[in-house]
Amino acid sequence: MTTGKAKQPTARPARFSEEGSVEVVAESFADTPNPRLKQLMTSLVEHLHAFVKDVEPTEEEWQAAVDFLTDVGHMCDSTRQEFVLLSDVLGVSMLVNAINHRKTAGATDSTVLGPFHMVESPERELGANISLDRNGEPCVFAGQVRSSDGTPLPGARVDVWQANGAGYYDVQQPEVQPERNLRGLFVADDQGRFWLRTVVPRYYPIPDDGPVGQLLAVTKRHPNRPAHIHVIGEADGHAPLTTHVFVEGSPYLDSDTVFGVKQSLIRPVTVVDDLRRAEQYNVPNPFRLLEFDIVLEPLPARSNHEA
Ligand code: BEZ
Ligand code: FE
């Protein structure tokens, strides 16, 4: 026989009613031991019920919503994450990104990771050509990695991946493109500089052959993203940065279907006529150049009291 008093669950309010739905359901989470989970569930109930009260769905509409989410789930596997894509086209991925990466002035803005960083970028020497299929207009991509105060960051790591001149990533065309095409992990020189040869990327549609694509179609939204190169910048003592550089003049800069564009991340592809620089980059003169400096935020100094 057990002794002592069994813990009584918190007293619940009245039974379910339309008017009191939030109180009744939120209260059912009152005993959640994890305070953050309790806050999340309570707020979710409040907002979800407010949404349902706002739109007053028919039962058929609610079933259609359930069927849609079921289809989204069925579309997911180890290489396809339709739920993330849904979060992307609803602007939630960018909102979570914005909330978690509020920058101090001067640091490079972040944007979404996207689904195509699914394979590791191969380590490559500075100056290497990452365009293994040569599909696109040749272009040098170069910049400097610095700390917020302007100090160059020697040895910073710069991970780059992009679509080719036809708008496809290597993993979308395993039969067509060489493995690890247009991917590279570079280590900046003693002045934090990096440079590589590539092609000018093209705009492209996000994977739109699933339920998220159907949602875009029935709402008359296009599936396209403007031309961009993905970059992850990392340096010791600094917060890693996931971002893109967008190609000035690309279609869809004003209507990116995942809302990832920030004005501060748009750069021109210029044509440079300079024999000495062409030689430096090992390219014929004149050449196209896309320049993008990366400014990383130092991590807060750890106090002596921290473990
Ligand atoms: C991308 O840029 O690779 C991307 C981002 C979000 C959704 C789909 C693709
Ligand atoms: Fe992309």
Side-chain angles (χ1 to χ4, degrees), residues 72 75-98 100-101 108-121 130-131 133 135-136 139 141 158-174 176-177 180-185 196 198-217 219 221-233 240-267 269 290 292 294:
V72 170
M75 199 71 197
C76 295
D77 59 27
S78 59
T79 60
R80 177 77 176 254
Q81 231 310 343
E82 196 77 355
F83 275 112
V84 175
L85 215 51
L86 180 59
S87 147
D88 293 341
V89 302
L90 292 178
V92 176
S93 303
M94 274 307 286
L95 184 56
V96 172
N97 186 276
N100 284 276
H101 299 278
T108 302
D109 279 321
S110 60
T111 189
V112 284
L113 174 68
F116 296 119
H117 193 246
M118 54 175 70
V119 290
E120 247 175 56
S121 301
I130 63 171
S131 169
D133 64 345
N135 184 342
C139 172
F141 180 42
V158 181
D159 188 350
V160 171
W161 70 105
Q162 65 168 89
N164 66 8
Y168 292 103
Y169 287 85
D170 56 352
V171 289
Q172 293 177 292
Q173 295 188 307
V176 178
Q177 295 190 36
R180 314 287 158 122
N181 187 33
L182 292 166
R183 296 177 191 270
L185 180 60
L196 57 113
T198 183
V199 291
V200 180
R202 205 192 78 142
Y203 64 89
Y204 63 83
I206 63 167
D208 63 349
D209 55 342
V212 170
Q214 285 164 14
L215 174 67
L216 294 178
T219 54
R221 281 179 57 181
H222 71 73
N224 296 299
R225 302 211 63 208
H228 57 272
I229 299 179
H230 292 260
V231 177
I232 296 178
L241 170 77
T242 299
T243 194
H244 314 350
V245 54
F246 292 93
V247 177
E248 188 178 272
S250 168
Y252 307 113
L253 277 173
D254 292 328
S255 63
D256 181 2
T257 200
V258 305
F259 309 97
V261 178
K262 291 179 179 168
Q263 189 61 35
S264 65
L265 301 176
I266 303 174
R267 294 288 182 284
V269 176
L290 177 56
F292 184 59
I294 300 167

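In each ligand, atom 1 is the first atom listed, and ligand 1 is the first ligand listed.
- Checked options Y203, W161, Y204, F292; the residue passing with H228 is Y204 (criterion: ring pair (Phe, Tyr, Trp, His ring centres under 6.0 Å)).
- Around the Fe ion (ligand 2), the angle linking H228 (NE2) with H230 (NE2) is 90°, rounded to 10 degrees.
- The ligand atoms of ligand 1 that sit less than 4.0 angstrom from a heavy atom of I206 are 7 (C), 8 (C), 9 (C).
- Of all the listed residues (P205, P115, G114), P115 holds the heavy atom that lies closest to atom 9 (C) of ligand 1.
- N181 and N164 are not linked by any side-chain donor-acceptor pair at a separation below 3.5 angstrom, with hydrogens and angles left out of the test.
- For the residue pair D159 / H117, a side-chain donor-acceptor distance below 3.5 Å is found, with atom types taken as modelled.
- Given atom 6 (C) of ligand 1, the protein heavy atom at minimum distance is D88 OD2, 3.3 Å.
- Of the candidates F259, Y204, W161, the one placing a heavy atom closest to atom 3 (O) of ligand 1 is Y204.
- Between R80 and D209 there is a salt bridge, since at least one side-chain N of the basic residue sits less than 4.0 Å from a carboxylate O of the acidic one.
- Heavy atoms from other residues, nucleotides or ligands lying under 6.0 Å from OH of Y168 number 12 at most.
- Ligand 1 has H228 within reach: a non-hydrogen atom of the residue lies less than 4.0 Å from it.
- Of the options T243, D109, T108, a side-chain hydrogen bond (donor to acceptor under 3.5 Å, both in side chains) to S264 is made by D109 and by none of the others.
- Taking the six-membered ring wherever Trp is involved, the centroid distance between the rings of H222 and Y252 falls below 6.0 Å.
- Coordination check, Q162 versus the Fe ion (ligand 2): failed, since every N/O/S atom of the residue sits at 2.8 Å or beyond.
- Short contacts between ligand 1 and H230, defined as distances under 4.0 Å to a heavy atom of the residue, involve ligand atoms 1 (C), 2 (O), 3 (O).
- At a 4.0 Å heavy-atom cut-off, ligand 1 does not touch V84 at all.
- Other residues, nucleotides and ligands place no more than 12 heavy atoms under 6.0 Å from the CG atom of D254.
- Near L85, the atoms of ligand 1 lying under 4.0 angstrom from a non-hydrogen atom of the residue are 7 (C), 8 (C).
- For a threshold of 3.5 Å applied to N or O pairs, the pair formed by R225 and ligand 1 contains at least one separation below that value.
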